Amino acid sequence: IFNPYTGRTTIRNATVLGHFNGFWGTGIDRNDVTNNMTYENVRVEGWDTGINVPVHRATVISDGVFRNVNDIVVDTTEDTIRTVDIGADKPLDGMSPSELRHESILNPALGLRAIRWSLSEPSMFRRQLRALLRAAHHGPVKVLVPMLASLHEIRLTLDNLAHAKRQLIESGKPFGEVEVGAMIEVPAAALTMPLFLRYFDFVSIGTNDLIQYTLAIDRADEAVSHLYDPWHPAVLHLIASTIRQAREAGKGVSVCGEMAGDPAFTELLLAMGLRSFSMHPTQVASVKQKVLRSDTRRLAALLEAVLTSDD
């Protein structure tokens, strides 16, 4: 993520997918590295040497993204990196409230954030896309786009990706192809899954935002935060439907957010057909134990009763 206002580059919410020690999910939180870069909430899922990763040896390529961190990023089987996701409860460091014009004091959760902000700053967005494409030259990369809600946004996003490819071709810089996925965190996206599955290679359900938008609750507002209910039938139906449609289409589907790391939801998500969870590393052990002790066939048989229950 390149901040055009501060000149600072941030690697945020990157995920390296793999497998080690029988489970997924180690994390790295915010370390300063070379060339005025910041590492934020970068997940390294599947690296045999553990979670304490020094990042001072990161190598930066010209578009402002690392090429490797101790040879992790480009040498693992697969990397998933989310495009810039700022706004509401995800501020961009070093920017004043006036610069973060999308952070409306009235309702920032519904403002210019995530992909909306990227599409409003095409130069910045294409710079990040170029960096991701160049990283893909060194190894498999997946690009995950947050908060998409409409065909218009989908087309603009893919047009920007195509534009970034043309820029690299014209400049003679090598790059690789990337798989493109969508975050399903807006009800409009969950309710139009066939459309999203036609355009994207995989999806990831962002439960935190999906819950707040489905229930019209700002989770950052203490006055209504008690109404934030991941067990609400509407939320469960949207998640179950999204997982089912993605699996039927043969597309990868994962869940991130607090639900993925809460053992209270593990069996329910397994019953829905989920097989890929993204969570904080401190939650891995408890969720792993739930998974290992679960009979997915038995759980799947109980799903209909849960979804039709009034409670």
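Everything numeric in this text was worked out from a predicted model, so none of it was measured.
Hydrophobic clustering (ILVMFWY, side-chain heavy atoms < 4.5 Å, transitive): Met279 and Ile205 are in one cluster. By the criterion of side-chain heavy atoms lying less than 4.5 angstrom apart, applied directly or through intervening Ile, Leu, Val, Met, Phe, Trp or Tyr residues, Leu144 is not grouped with Met124; the two fall into different hydrophobic clusters. Under a hydrophobic clustering in which Ile, Leu, Val, Met, Phe, Trp and Tyr are joined whenever their side-chain heavy atoms come within less than 4.5 Å, directly or via other members, Phe202 and Ile154 fall into different clusters. Cluster annotation: Leu236 and Ile184 are assigned to the same hydrophobic cluster (Ile/Leu/Val/Met/Phe/Trp/Tyr, side-chain heavy-atom contacts under 4.5 Å, transitive). A single hydrophobic cluster is seen to contain both Ile81 and Leu129, as judged by linkage of ILVMFWY side chains at heavy-atom distances under 4.5 Å, directly or through other members.
The heavy-atom pair separating Phe196 from Ala182 by the smallest distance is CD2-CB, 3.8 Å. Looking at every heavy atom in both residues, Pro263 comes nearest to Lys290 through O-CE, 3.6 Å. Here the shortest heavy-atom pairing between Thr266 and Phe277 reads O-CZ, 4.3 Å. Smallest separation of non-hydrogen atoms from Gly206 and Met183: CA-CE, 3.7 Å. Here the closest non-hydrogen pair linking Asp201 and Glu179 is OD2-CA, 3.3 Å. Across all their heavy atoms, Val84 and Ser118 have their closest contact at CG1-OG, 2.6 Å.
Annotation: side chain of Leu215 is in contact with side chain of Val235 (closest heavy-atom distance under 4.5 Å). Put simply, the side chain of Arg155 reaches to within 4.5 Å of the side chain of Tyr199, judged on heavy atoms. Contact check for Glu267 versus Val306: no side-chain heavy atoms found under the 4.5 Å cut-off. Residues Arg198 and Phe200 form no side-chain contact, since every pair of their non-hydrogen atoms from C-beta on lies 4.5 Å or further apart. Between Leu238 and Leu191 the shortest side-chain heavy-atom distance falls below 4.5 Å. A heavy-atom distance below 4.5 Å is not found between the side chains of Met193 and Ser241.
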For this session: Decide yes or no on side chain to side chain contact (heavy atoms under 4.5 Å, CB included) for Trp231 and Leu268, but give the supporting numbers first.
Result: CA-CA 10 Å; Trp231 290 104; Leu268 177 59; 3.7 Å; yes
For this session: Apply side chain to side chain contact (heavy atoms under 4.5 Å, CB included) to His137 and Lys173, showing your working.
Result: CA-CA 10 Å; His137 176 68; Lys173 294 178 180 177; over 6 Å; no
Exercise. When you look at Leu210 and Ile239, which way does the side chain to side chain contact (heavy atoms under 4.5 Å, CB included) test go after all the steps?
Worked result: CA-CA 9 Å; Leu210 184 61; Ile239 294 173; 4.0 Å; yes
Problem set entry | Worked check of side chain to side chain contact (heavy atoms under 4.5 Å, CB included) between Met147 and Tyr213 | CA-CA 11 Å; Met147 205 178 166; Tyr213 291 133; 3.4 Å; yes
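Note that CZ of Arg247 is 13.5 Å distant from OG1 of Thr242, once rounded to the nearest 0.5 Å. Atom OG1 in Thr83 sits 7.0 Å away from atom CG in Asp85 (nearest 0.5 Å). Interatomic distance, CZ of Arg166 versus CG of Leu161, reported as 10.0 Å (0.5 Å rounding). Atoms NE2 and NE2, on His232 and His237 in that order, are 10.0 Å from each other to the nearest 0.5 Å. Met259 CE to Phe265 CZ: the interatomic distance, rounded to the nearest 0.5 Å, is 4.5 Å. Rounding to the nearest 0.5 angstrom, the gap separating the CG atom in Asp218 from the CG atom in Leu110 is 8.0 Å.
The backbone N or O of Leu148 sits nowhere less than 3.5 Å from a side-chain atom of Glu153 that would complete a donor-acceptor pair. Ser120 places a side-chain N or O within donor-acceptor distance of the main-chain N or O of Trp117, the cut-off being under 3.5 Å. Although no hydrogens or angles enter the test, the distance criterion places a donor-acceptor pair under 3.5 Å between the side chain of Arg116 and the main chain of Gly111.
In summary, the side chains of Glu304 and Thr308 do not present any donor paired with an acceptor at a separation below 3.5 Å, with no hydrogens or angles considered. Side-chain N/O atoms of Arg126 and Gln167 include no donor and acceptor closer than 3.5 Å. With 3.5 Å as the limit, one finds no donor-acceptor pair spanning the side chains of Ser150 and His152.
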